[in-house]
Protein chains: 2
Amino acid sequence: MPAQPAEFARKLPRQERAQHTVHSILRATAHILKTKGFAACSTNAVARRAGVSIGSLYQYFPSKEALVAALAEEHAKEGYTLLLETIRTAGEQPRSIEALVRHYIGALVRLHANDPELHRVLMEQVPTIRSGVVAMQQVSNQSAALVRAWLEAHRDQFRELDVEVATYVLVTAVEAVTHLRLLDRPAQLDTETLVAELSQLVLGYLGLGGQHRPRGRPA
Amino acid sequence: MPAQPAEFARKLPRQERAQHTVHSILRATAHILKTKGFAACSTNAVARRAGVSIGSLYQYFPSKEALVAALAEEHAKEGYTLLLETIRTAGEQPRSIEALVRHYIGALVRLHANDPELHRVLMEQVPTIRSGVVAMQQVSNQSAALVRAWLEAHRDQFRELDVEVATYVLVTAVEAVTHLRLLDRPAQLDTETLVAELSQLVLGYLGLGGQHRPRGRPA
DNA sequence: CGATAATATGAGCGCCGACTCACATTTTCG
DNA sequence: CGAAAATGTGAGTCGGCGCTCATATTATCG
């Protein structure tokens with residue numbers, strides 16, 4: 001894994017030593033971002049924690065912005081990999097709609113289990129940083145496109161719906177609940193329950209939930 | 001409306017002139033927060049935009065933190081007012097479950113239509129500021145408590161569910177979709193559609209959605 | 001009208017941030 | 001080896017930040 005793409009690089013690390021330096025810097029950045037937030041993530045602090053001089057940091061990252069962008073891109077790449085993997089395994093055997101929904105939601109939840117604090121900081125606290133956050137949005141868009149295509153393909157099995165709107169609602173809702181859970185970690189909401197509830201949410205929205213017959217008033 | 005609560009005040013503005021000053025400062029703060037983000041919201045910039053000297057700012061707000069906290073509290077108060085209003089009007093006449101859901105969701109959407117960018121910045125970018133953000137969380141909690149109580153009261157009419165979990169899922173999902181819509185404003189998702197779709201989402205999750213019978217495969 | 005309190009001013013202080021540069025050290029390779 | 005390239009160093013520059021304070025202006029009221 002090349003440490004950071006050409007657009008950001010000041011110098012490319014050629015020796016193993018240098019690659020280790022770059023890696024340390026990125027780890028330190030992630031750690032400080034997660035524990036102290038963006039405001040406290042000064043380049044001096046990063047260099048200190050990485051056990052590297054401030055000068056070395058600027059050898060490989062021309063600006064603080066580039067540093068954070070590189071981290072965001074790295075994070076996005078991991079997400080993209082998992083997304084591809086999920087698509088692949090989903091296609092392997094035919095499944096029911098319900099099973100498919102569970103499959104994808106499970107993947108999404110796992111995706112967010114990967115460094116959720118970092119994800120949050122990058123999405124929320126980091127002010128508009130061009131290139132890095134763009135990479136993360138692309139993963140989001142890919143994900144949305146997947147949902148859209150799936151809705152199109154199976155639309156005869158749902159209630160009548162506007163595919164655009166439904167995609168938006170579903171992606172946003174699932175993403176948000178998943179996301180938030182990892183931040184305030186409510187005790188009673190373990191991963192399994194989360195996946196089950198989100199599936200319920202999605203299936204219900206699509207008109208596939210088991211209809212409940214209220215007790216007390218006979219139909 | 002007293003400009004800011006006693007805990008934050010350095011001096012209380014007694015003359016009309018002073019109240020106007022305080023008001024300008026708060027407006028300027030909101031504007032800069034929304035357009036440039038928290039990082040760019042320096043006290044000097046706020047004072048400049050407010051057309052007021054930096055000294056005046058510190059007459060009424062003892063620190064930058066207090067300034068933002070006061071703004072957050074003001075924002076929270078508006079939300080709380082609307083929440084109370086919604087509860088009041090909801091109790092006026094008996095309604096169906098569906099109508100009630102629509103009523104509350106409509107209120108939530110309107111609530112978020114009030115300065116959504118400010119809401120976002122205060123929730124996300126502003127690092128832990130004690131008192132101000134606490135006020136906003138209280139409104140959130142009130143809102144959640146309301147949902148929880150409502151679920152308890154009508155639970156015999158839904159599918160079987162864990163009230164805690166359901167509250168969490170519903171509040172988070174509805175809040176997130178509402179919220180996000182106001183930030184990237186997708187053209188095809190007007191307020192009316194949004195309310196309808198969110199109601200669908202909630203009712204479906206509760207097992208009250210119209211069950212769809214798939215075409216092509218007879219039951 | 002003073003006299004006193006309330007309000008407004010902005011140059012400036014101390015600090016810390018991003019970032020530079022002249023130099024030291026290590027690695028590569030003919 | 002030894003020279004050139006790659007890598008590493010950290011004191012120091014500079015700008016902007018939060019914030020203070022001595023001073024000027026305006027309102028209140030007897």
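Because the structure is predicted, anything quoted here is derived from the model rather than measured. Below, chain A is the first sequence line, B the second, and so on; all start at residue 1.
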| query | With sequence neighbours left out, what residues match His119(A) under ring pair (Phe, Tyr, Trp, His ring centres under 6.0 Å)? | reply | His75(A), His112(A), His179(A)
Using a cutoff of under 3.5 Å, can you pull out all pairs of nitrogen or oxygen atoms linking the protein to nucleotides 21-30 of chain D, with atom names and distances?
none

| message | Arg27(B): which residues meet the salt bridge (charged side-chain N to carboxylate O under 4.0 Å, His left out) condition with it, sequence neighbours left out? | response | Glu74(B)
| Nucleic acid contacts of residues 33-40 of chain A, taken as heavy-atom distances under 4.0 Å to DNA chain D | none
| Can you find a side chain N or O atom of Ser63(A) that sits less than 4.0 Å from OP1 or OP2 on dA18(C)? | no
| query | Looking only at side-chain N and O atoms, does Thr21(B) come under 4.0 Å of OP1 or OP2 in dA8(C)? | reply | yes
| message | For Glu164(A), give me all partners under salt bridge (charged side-chain N to carboxylate O under 4.0 Å, His left out), at least two apart in sequence or on another chain. | response | Arg148(A)
| said: Check whether Phe38(B) forms a cation-pi arrangement with Lys64(B) (NZ or CZ under 6.0 Å from the six-membered ring centre, at most 45° off the ring normal). | reply: yes
| said: Restricting to salt bridge (charged side-chain N to carboxylate O under 4.0 Å, His left out), what partner residues turn up for Glu92(B), sequence neighbours left out? | reply: Arg88(B)
| If you look only at pairs with a residue in residues 105-123 of chain A, which of them pass as a salt bridge (charged side-chain N to carboxylate O under 4.0 Å, His left out), with sequence neighbours excluded? | Lys34(A)-Asp115(A), Arg120(A)-Glu124(A)
| request: Could you note down all residue pairs passing side chain to side chain donor-acceptor pair (under 3.5 Å) where residues 97-108 of chain B supplies at least one of them, sequence neighbours left out? | output: Thr89(B)-His103(B)
| All salt bridge (charged side-chain N to carboxylate O under 4.0 Å, His left out) counterparts of Glu152(B), not counting sequence neighbours | Arg155(B)
| field | His20(A) NE2 to dT26(C) P, straight-line distance once rounded to whole Å | value | 16 Å
| request: Mind running a 4.0 Å heavy-atom check of residues 42-53 of chain A against DNA chain C and sending the residues that fall below it, in number order? | output: Ser42(A), Thr43(A), Asn44(A)
| field | Pairs flagged by salt bridge (charged side-chain N to carboxylate O under 4.0 Å, His left out) wherever residues 192-201 of chain B is involved - sequence neighbours left out | value | Arg159(A)-Glu197(B)
| query | What residues, two or more places apart in sequence or in another chain, satisfy ring pair (Phe, Tyr, Trp, His ring centres under 6.0 Å) together with His31(A)? | reply | none
| field | Length of the CZ-P vector between Phe61(A) and dT20(C), whole Å | value | 15 Å
| request: Give the rounded distance in Å between these two atoms: CG of Leu12(B) and P of dA5(C). | output: 18 Å
